[in-house]
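One is the number of the first residue; the rest follow in order along the sequence. The figures here come from the full heavy-atom set of this structure, side chains too, leaving out hydrogens, waters and symmetry mates.
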Amino acid sequence: MDKLDNLDKKILNIVMGNARIPSKDIAVQCGVSRAAIHQRIQRLIDMNVITGSGYQVDPHKLGFNTCTYVGVKLEKGSLYREAAAELCKITEVVECHFTTGPYSMLIKVYATDNGHLMQLLNDRIQQVPGVTETETLISLEQTLNRHIHITFDETKKR
């Protein structure tokens with residue numbers, strides 16, 4: 001994989017803060033041409049450093065008022081891929097991680113309320129083949145949500 005230089009890192013920090021920022025504004029902040037910005041962003045996409053773009057939507061504004069993390073235990077860890085494929089079919093599951101520790105998997109679920117959450121747990125998640133146990137942790141408030149900060153040497157232009 002190609003190495004990221006300071007300009008790449010500076011561009012990434014800018015676009016992670018605002019994916020809709022015009023290239024000309026990025027160019028001004030970085031002190032390079034708009035064409036250079038376009039080339040760099042396309043290279044970062046081709047390298048799969050930038051893997052997507054879009055809008056962040058507040059689930060609460062859509063009526064999903066319960067954010068929950070669910071620790072999932074499986075009969076055996078080798079069932080992860082099959083279980084993950086089944087969990088992907090549940091649209092309220094928005095994240096799924098294969099983990100170490102007391103759980104085989106950790107998933108993030110949005111539900112409209114506690115009744116909806118209970119239905120998801122009992123009728124969908126706990127019915128996935130291989131799932132033996134779940135533990136539910138309801139998020140009371142999200143205090144922080146940010147991208148990883150990319151450090152770069154600000155004394156170097158490139």
Side-chain angles (χ1 to χ4, degrees), residues 1-72 80-81 83-101 103-126 128 131 134-154:
M1 178 159 98
D2 295 339
K3 189 173 180 179
L4 301 181
D5 64 15
N6 276 330
L7 181 57
D8 293 326
K9 292 174 184 177
K10 189 168 186 178
I11 292 168
L12 286 170
N13 275 329
I14 293 167
V15 298
M16 285 189 312
N18 178 4
R20 297 185 300 168
I21 187 170
S23 295
K24 65 179 180 59
D25 294 349
I26 300 170
V28 168
Q29 289 184 47
C30 293
V32 297
S33 70
R34 191 169 19 177
I37 296 301
H38 281 289
Q39 290 171 350
R40 290 295 184 117
I41 289 176
Q42 187 57 54
R43 186 173 137 268
L44 291 167
I45 291 168
D46 293 344
M47 292 170 53
N48 290 321
V49 174
I50 296 175
T51 57
S53 62
Y55 298 101
Q56 291 184 4
V57 177
D58 183 349
H60 293 92
K61 302 285 186 196
L62 300 175
F64 290 90
N65 297 308
T66 303
C67 174
T68 308
Y69 295 88
V70 181
V72 178
Y80 168 72
R81 297 236 182 268
E86 289 301 311
L87 291 168
C88 285
K89 295 175 184 176
I90 303 170
T91 57
E92 294 89 347
V93 174
V94 296
E95 288 183 23
C96 178
H97 303 268
F98 189 33
T99 60
T100 61
Y103 309 114
S104 305
M105 307 168 79
L106 184 66
I107 61 175
K108 183 176 181 180
V109 178
Y110 279 103
T112 55
D113 55 30
N114 288 350
H116 181 210
L117 175 61
M118 188 169 76
Q119 181 266 325
L120 288 168
L121 289 166
N122 293 338
D123 300 341
R124 304 288 308 276
I125 295 168
Q126 292 171 351
V128 170
V131 171
T134 60
E135 183 174 351
T136 305
L137 304 155
I138 294 176
S139 172
L140 300 175
E141 178 180 304
Q142 181 178 357
T143 307
L144 181 64
N145 180 16
R146 64 178 169 202
H147 295 284
I148 189 75
H149 180 74
I150 302 167
T151 58
F152 59 95
D153 185 350
E154 294 189 49

Any pair with a residue in residues 12-29 that passes salt bridge (Lys or Arg N to Asp or Glu O under 4.0 Å), sequence neighbours left out, goes on the list, sorted by first then second residue, please.
none
Taking all non-hydrogen atoms of both residues, which atom of A83 and which atom of M105 are closest, and how far apart?
CB-SD, 4.0 Å
If I take atom CE from residue M16 and atom CD1 from residue I50, how far apart are they, to the nearest 0.5 angstrom?
9.5 Å
d(Y110 OH, S139 OG) to nearest 0.5 Å is 7.5 Å
What distance do L12 atom CG and K9 atom NZ have between them, rounded to the nearest 0.5 Å?
9.5 Å
M47 vs L4, test: side-chain contact (heavy atoms from CB on, under 4.5 Å). Steps then yes/no.
CA-CA 10 Å; M47 292 170 53; L4 301 181; 3.8 Å; yes
So, do V109 and I90 sit near enough that their side-chain heavy atoms are less than 4.5 Å apart?
no
When every non-hydrogen atom of K3 is compared with those of R43, the smallest separation belongs to O-NH2, 3.3 Å
With sequence neighbours left out, what residues match E86 under salt bridge (charged side-chain N to carboxylate O under 4.0 Å, His left out)?
K89
Between R40 and I37, is a side-chain contact (heavy atoms from CB on, under 4.5 Å) present by the stated rule, with each step listed?
CA-CA 5 Å; R40 290 295 184 117; I37 296 301; 5.6 Å; no
Does T112 use its side chain to pair, donor to acceptor, with the backbone of H116 at less than 3.5 Å?
no
Going through the distances and angles, do V70 and V93 end up as a side-chain contact (heavy atoms from CB on, under 4.5 Å)?
CA-CA 10 Å; V70 181; V93 174; over 6 Å; no
Looking only at heavy atoms, which two atoms of H60 and D58 are closest? And how far apart?
N-OD1, 2.9 Å
Starting at CG of L44, measure out to CD of Q39 and round the result to the nearest 0.5 Å.
12.0 Å
Determine the minimum heavy-atom distance between I125 and V131, stating which atoms define it.
O-CG2, 3.8 Å
Correct closest heavy-atom pair for G115 and D113 would be N-OD1, 3.1 Å
Beyond-backbone contact of P59 with V94, side-chain heavy atoms, under 4.5 angstrom:
no
Value for CD (Q29) from CG (N13), rounded to nearest 0.5 Å, stands at 10.5 Å
Going from CG on L117 to CD on E92, what distance comes out if it is rounded to the nearest 0.5 angstrom?
10.0 Å
Please report the shortest heavy-atom distance between Y103 and T99, naming the atom on each side.
O-OG1, 2.8 Å
